[in-house]
Structures are given as structure tokens and as C-alpha cells.
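Single-structure report; data block below.
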Amino acid sequence: MAIYTFECGCEFNIEGDHSSLKEDGLPVINLNMLNINYDCSRTWDLICDGKTKGVFQLESQLGRSWAKKLKPRNIEELAALSALLRPGCLKAIVDGKSMTQHYVDRKHGKEKVEYIDDSLEPILRSTQGVLVYQEQSMKIAQVIAGFNLREADDLRKAIGKKKASLMTEVKESFLSGASNKNVVPRETAEEIFGWIEKSNRYAFNKSHAVSYAICGYWSAYCKSHFPIDFYCSYLYYSGGKPDPQQEVKDLVSDARSHGVSVDPPRIEKLNKSFKVHNKSVNFGLGDIKYIGSNHVEKLLSSIKEYSSFGLFNEELDWYSFLINVSDKISSKVVESLILAGALTKLVDKKASRKKCIYEFETWSALTKKEKEWVVKNCQQDKDILSAIKKLSPTKKDGGGTFSTKREDIVNDLIIQLENPPYSLEDYPNEIAMEEERLLGVALSYSKVDSCDTTSVNTTCKEFSDGKKGKMTLGVEIKSCREWIIAKGKMKGEKMAFLSVEDGTSDADSVVVFPENWEKFKSLLTEGNTVLLCGETSKHRDGLVVDKVFQI
């Protein structure tokens, strides 16, 4: 059986003909998640770099940030990270640092790992001396106080349920047992129990943490090895998220940062939802706002009904769609298809989406009988203007109107087609706004594409990929989070953290310190397009902003 090998060394059996490739460019392989390599450098590098959008338990900004800080390299560390991200751990401050930060610093040798007593070392070694799991508390109770499994489980319940009365009962048993077993002095036993008692604010169930870690590794493994299929799947199920539109936007931006192209819906591909095509992820017709599955079915059946008129072959064009299909579906669906870019291939390169909307409105102004006349007599025409010119005369004069009054109305439509009352030119920022409204994200253009970006020397993707030094970015502000500095020389002053994007990707590590935040905060509002001038931080992976200009 043929084997496909990735650069990281992971191997898979190829199913069927090894020369035939799937849409993502890979052969059909036999993937069994229960048998994957749990020591894959490609997967761990992705997690350590914080590229964890879509990775179970780590896809939030908090998860991405702490994954970069901890840099886990095995399931044990990933499980600990899952537990340490709980609010209790992050808020449990000891010696000026959270338990999460203690674990990270100890893992990287910045803080010495110490134990209250040497007897705890075998129990806490795997978590850098930090009491992370409920099971560790149970084991300590067995070793120090001689608890049996039932008594240790009572301790676990007291921790998990956070019941003070239950904890008091357990404490008495713990100290009594410790006195009898005499592994540690009573003072040390009291200190250990006090530590366990404090842990009830944050200790997590290890079996859950390990399960979460395995699921997280699986998703990271798929993302690092099969990114196109990964993003297609996550986009397909994005509707189940609390904010589907934001989820789509975040996933597309993350896909771009990983070199995966995401394309607008295209009617000629006839896919209802997200699908991999030609090594890119394609939106489906049903992924457009206002277009449901019933609309898609009706649209596809209408296309099949009129296929004899040359639809979806080399003769495919906008005019054929307009006169043969558009009346079979609702006007809202037609407008959404146009503005989302789904009909782009049908339209002459010189035409615009605005022009399509304008011509559709003109077509809609005709009566049912007049439309039927055009369908019957004007199939060979190339545009709506020439067809309506044929329609204009009354029937006795060889046209399709039933009276001179209607002839005058149709002639007015001809004049409006020849001399539109407003510009029918498309502008990148307008296309971006409509695509964001209908798809959740701008795919053809970004808002920045309409701006003067001649002074820009760095894209968001280049910055995210590790470009260093001084740089100027042309971006749209996604979010701006103001922060009050808690300590140091600037204690009490306000600064800000920005999340920005352009057409290439997004960037989260953008910092504006107090002096410049006070100068430029009026420009740094969500949705605004600006030039950010700054330099990468020497101490962290971020851009420190020096100047901001409106564009």
C-alpha cells in the first residue's frame, strides 16, 4: 500500500489510486484520529505559536495568548494549560502572580519549583509544583493523611462543590489522619490542607483536562496537516456559534494568515454550502444572508429548467440569467446573489454589481406579458437594452407592448438604461461593506483597498508572520480595548490594545502606550481605516504604535 509522508514525518496510507488527488491537492488517505502521532512537531509548533483559532479550548484570545506563553510540547502540559485557563487559576494570586503564571514561569525555569514537603514532589512534579487538579488533592490526602478512596473522594466533592461545611468536616479527618500517619508534622499538615482548601477556588478535574487536551490536539493536528479541509469544516459549522457572523470573519482572516484562500460564492459551482474547490474554500449559495436551503433548491431547479437556453456552459451570461431565471426566485435572493458576488462569472468584465442591480430593477418594471414576449423573442440578444428596444413598439408595429401608453413607459426605461441617473461604478469599499453584510466578511476587497496606501510597507500577514523593525500598516480597526496600567511608572494611566485587519489577514498584538493613546484615540475607533506607524517590541511579539493617520 502506498504511503503519503508529510514534512514532519507523519505517514498515512493512501486509499485507492495514489496518483489521483482531492480538491485540496492531497491524495485520499486513511485518517484514524486514534492512531495519529502525538509527538508531531508540526502540531506542537502551531500550538506554541498561538495559532490556535479553531483549536478546542484554545481558540479565544486568552487561549492563544497563554499557549504562546506556556509553549506546551506534550499532552500533559496541554492538559495543565486547559485547567490553568479557568477563571479560578487566573484569579488565584500567590506572591503577586496567578497560579497560571507560576506554572508558566516554573516550566521555563524563571521560577524555582519548590514543595511544602518532599513527600509532595512525586504528586506535583508533572504540574511544576502547582496544585492544578482535584485528583492531586485526593492523592495528597492519601499520602499525608492515610485517606482511603472514599474519604479522598469526599475531599474531591468538597473541593468541587465548594461547600465550606463539608470542607470543615474533611479538615478534621485530614489532620487526625496526618497525626496518625506522621509523614509530616502537624504544622506542615495544616499548611498543606490550607493550600488544598485555597485550591477549591480553581482546582480542575484531571480526567476532563486530559480529554480536553486530546480533543485540542486532534483539532490542532488537523489544522496543521489538512488546513483547507479544516477551515472548510469549521466554516460549515460556524452557524452554531453564538455570533456566526463574527465567527466567519475570524475564521476567514485566520485562514488567510495560514495561506488558505477563501473565495466568494459562485453560482456556476452550484454548491449549497462551504466546499473545497481547486485548493481553496468556497462559500456556498446558502451561506449568503437571506438565502436559505429552500431558495437554493428553487434556484438550482430553475437553472436546470432553463439549461436548454445555454445556461452554465460556454454561453453562460448575465442576460440569460436575468430573463430566464430571475423571475423564478424572489427579488431579495437575486439582489443578494448579485451583491455577494455570486454572479460575477456571468457578467461581462466591464459590468458592475451596481449595473446588474440597475438592470434587474429595469427588468422588474416590465409586465408579466412583456417579460414573456422577451423570453420568447429575444433569447439571442446579448443585453437587456437591445431586448427592451425590440419590445418597445406595440404589437401591431412588431413589438411586445399592448398600448402606446406602455410603449412610452418602456421607452422611458430605455432612456434610463442609456443614461443612468447615477454612477453604476463599483467601489471597493462598497463591495466590501455589502459582502460583509451578506457573507459576514469582505472577500473580494477590504475597506482599506479604497484608501491611499502608497506609504504602506507592511501587510498584516507579513507582520503576523514575524516581520520585525519599523513598519507602516494600512488597516481597519476591528476592536480597541482600553487598559488602565496597574503598576510601574505609568500606574493609573490608560493605554490600548488593538486588533486590526487588512485584505491579507488580521493582527492582534498592536499596542498604544499612554502618550500616543491620548493623542490618537479619536482615530482608533472600531471600523475606522488608518495608517499605523510603529516598531516591533523588543520584549514581546507586538507592534508599538508611534503615529496614526486617517486614510
Side-chain angles (χ1 to χ4, degrees), residues 50 52 58-71 81 83-112 128 130 198-199 201-202 243 246 250 458 460 463-464 468-501 506-551:
T52 53
L58 297 179
E59 61 179 331
S60 67
Q61 179 58 41
L62 181 72
R64 297 198 294 269
S65 174
W66 281 103
K68 289 174 70 175
K69 292 176 182 177
L70 177 60
K71 299 190 181 303
L81 177 59
L84 290 163
L85 285 177
R86 306 288 151 181
C89 276
L90 292 167
K91 293 178 181 178
I93 305 299
V94 177
D95 297 330
K97 292 190 290 189
S98 69
M99 299 309 297
T100 312
Q101 190 63 58
H102 278 296
Y103 181 95
V104 171
D105 288 348
R106 291 177 183 183
K107 195 252 182 180
H108 294 301
K110 296 180 180 179
E111 179 182 319
K112 187 178 179 180
Q128 309 296 330
V130 177
K198 288 178 183 178
S199 79
R201 294 175 297 177
Y202 62 82
D243 187 349
Q246 187 60 49
D250 290 345
T458 305
C460 284
F463 168 64
S464 297
K468 303 292 183 182
K470 294 183 178 180
M471 59 189 75
T472 300
L473 287 76
V475 299
E476 177 188 354
I477 307 295
K478 285 177 61 181
S479 65
C480 179
R481 181 166 57 95
E482 190 175 69
W483 185 264
I484 299 176
I485 299 173
K487 57 185 179 180
K489 294 181 180 180
M490 293 185 286
K491 181 179 180 180
E493 295 188 53
K494 296 178 180 178
M495 59 180 291
F497 297 94
L498 307 180
S499 178
V500 301
E501 64 181 349
D506 61 5
D508 294 320
S509 306
V510 181
V511 183
V512 188
F513 285 118
E515 181 181 357
N516 290 320
W517 173 236
E518 189 62 31
K519 284 182 185 178
F520 303 118
K521 63 181 178 181
S522 61
L523 295 177
L524 299 174
T525 57
E526 186 175 334
N528 202 18
T529 50
V530 295
L531 289 177
L532 297 179
C533 304
E535 189 171 2
T536 48
S537 170
K538 297 178 182 179
H539 307 294
R540 62 183 74 184
D541 297 327
L543 175 69
V544 178
V545 175
D546 295 324
K547 295 180 182 179
V548 182
F549 300 96
Q550 181 74 59
I551 54 174

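Remember, predicted model here, so these are calculated numbers, not experimental data.
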List the atom of [X], the atom of [Y], and the distance in Å for their closest heavy-atom pair.
X	Y	answer
Ile485	Pro514	CD1-CG, 3.7 Å
Thr100	Leu84	OG1-O, 2.7 Å
Gly469	Thr536	N-OG1, 2.9 Å
His108	Lys71	CE1-CB, 4.2 Å
Arg64	Gln61	NH2-OE1, 2.9 Å
Leu543	Leu473	CD2-CD1, 3.9 Å

Should Asp250 and Lys478 count as an ion pair when the cut-off is N to O under 4.0 Å?
-> yes

Hey, is Glu518 close enough to Lys494 for a salt bridge, meaning N to O under 4.0 Å?
->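 Looking at Lys494 together with Glu518, the answer is no, because their closest N to O distance does not fall below 4.0 Å.
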
What's the spacing between [X] [atom1] and [Y] [atom2] if we round to 0.5 Å?
X	Y	atom1	atom2	result
Phe497	Leu524	CZ	CG	13.5 Å
Leu81	Thr52	CG	OG1	9.0 Å
Leu70	Gln128	CG	CD	8.5 Å
Asp105	Lys112	CG	NZ	15.5 Å
Ser479	Glu501	OG	CD	9.5 Å
Asp95	Gln101	CG	CD	13.0 Å

Could you go step by step and tell me if Val545 and Asn516 meet the side chain to side chain contact (heavy atoms under 4.5 Å, CB included) rule?
-> CA-CA 8 Å; Val545 175; Asn516 290 320; 5.7 Å; no

Side-chain heavy atoms of [X] within contact of [Y], under 4.5 Å:
X	Y	result
Val530	Phe549	no
Thr529	Gln550	yes
Trp517	Cys480	yes
Thr472	Leu532	no
Met495	Glu482	no
Leu58	Leu85	yes
Trp66	Leu90	yes
Asp508	Ser499	yes

Side chain to side chain donor-acceptor pair (under 3.5 Å) assessment of Glu476 paired with Asn528 | CA-CA 6 Å; Glu476 177 188 354; Asn528 202 18; over 6 Å; no

Is atom [atom1] of [X] surrounded by more than 12 heavy atoms (other residues, nucleotides or ligands) closer than 6.0 Å?
X	atom1	answer
Lys547	NZ	no
Ile484	CD1	no
Glu515	CD	no

Salt bridge (Lys or Arg N to Asp or Glu O under 4.0 Å) between Glu535 and Lys468, worked out | CA-CA 7 Å; Glu535 189 171 2; Lys468 303 292 183 182; over 6 Å; no

